[in-house]
Amino acid sequence: EAGVAQSPRYKIIEKRQSVAFWCNPISGHATLYWYQQILGQGPKLLIQFQNNGVVDDSQLPKDRFSAERLKGVDSTLKIQPAKLEDSAVYLCASSHSGGVSNTEAFFGQGTRLTVV
Amino acid sequence: GEDVEQSLFLSVREGDSSVINCTYTDSSSTYLYWYKQEPGAGLQLLTYIFSNMDMKQDQRLTVLLNKKDKHLSLRIADTQTGDSAIYFCAERDQAGTALIFGKGTTLSVSS
């Protein structure tokens, strides 16, 4: 079974520029997550999709971050304009279900963003 | 609010046992997890425990849960250099959907 695919692996941009990340979840997984992992910290949830609907985006800085999951499969996360503090690894994960039942979330390798 | 705390570093010698500790705040957590992250890689689920269990063993891994003290531990028996990584404790959020992670414990194994 193919894993969660993310691209690009690395991105360096200047502050105030925009950037987009792409995620292709495991086939058949209805739930997709975007996490932000700042160096030295654990991943923090930015947004969760169930199919193409948003379940939780309470931690997403909506003034600069946006995400979509058209057709309930691939997803893109965009930052516009980027700030220095956005430097982090952006992890995408997917699972069969986002409910209480224990369904493993599979993580991609992440996109390492450096804002200079 | 929900919070997960872990010690930041642990150093052991090859062949010894490693014990990584974690405390969490949400008493309603139904599942608690241990993830492993190697350099440049995503997170890999190692094991999990349901909240009505006290212990779970899976090969070299033993998870202990003290629900009264909201304390979770991961024991790795016969630790190998390949076990060197960052280990994250995680709990489900109150909605039971997303994961709340600790800051991670860096395990260093010397030969």
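Protein chains get the first letters and strands the later ones, always in sequence-line order, with residue 1 at the start of each.
The interface of residues 37-44 of chain A with chain B, defined by heavy-atom distances below 4.5 Å, comprises A:Q37, A:G40, A:Q41, A:G42, A:P43. Interface with chain B: from residues 83-91 of chain A, residues A:L91 qualify, criterion being any non-hydrogen pair under 4.5 Å. Residues of residues 6-13 of chain B lying under 4.5 angstrom from chain A, judged on non-hydrogen atoms, do not exist here.
Applying the salt bridge (charged side-chain N to carboxylate O under 4.0 Å, His left out) criterion to B:K68, with sequence neighbours excluded, gives no partner residue.
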ask   = side chain to side chain contact (heavy atoms under 4.5 Å, CB included) between B:H71 and B:N21: does it pass, once the steps are laid out?
value = CA-CA 7 Å; B:H71 182 267; B:N21 295 301; 3.3 Å; yes
request  = Would you check, one step at a time, whether the test side-chain hydrogen bond (donor to acceptor under 3.5 Å, both in side chains) holds for B:T79 with B:S18?
outcome  = CA-CA 7 Å; B:T79 312; B:S18 306; 2.8 Å; yes
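Heavy atoms closer than 4.5 Å to chain A are found nowhere in B:F50, neither backbone nor side chain. The contact between A:R9 and chain B is made entirely by side chain atoms (from C-beta outward), counting heavy-atom distances below 4.5 Å.
Heavy-atom minimum distance, A:S94 versus A:H29: OG-ND1, 2.8 Å. Residues A:F49 and A:S75 come closest through the heavy atom pair CE1-OG, 3.8 Å. Nearest approach of B:M53 to B:L65, heavy atoms of both residues: O-CD2, 3.4 Å. The two residues B:E38 and B:A85 come nearest to each other via the heavy atoms CG-CB, 4.0 Å.
Side chain of B:S84 to main chain of B:V109: a donor-acceptor pair is present (N/O by atom type, distance under 3.5 Å, no hydrogens or angles). With hydrogens and angles disregarded, a donor-acceptor distance shorter than 3.5 Å links the side chain of A:K62 to the backbone of A:D57. For the pair B:Q37 (side chain) and B:Y35 (backbone), a donor-acceptor distance under 3.5 Å is absent.
Judged by the 6.0 Å distance and 45° axis criteria, B:K56 is positioned over the aromatic ring of B:Y48.
Here the rule is side-chain contact (heavy atoms from CB on, under 4.5 Å) with B:W34, and of B:L45, B:L61, B:L72, B:I49 only B:L72 fits it.
Ring pair A:F107/A:Y35 is tilted by interplanar angle, where 30° to 60° counts as tilted.
Counting only N and O atoms by type, the side chains of B:E5 and B:T23 include no donor and acceptor under 3.5 Å apart.
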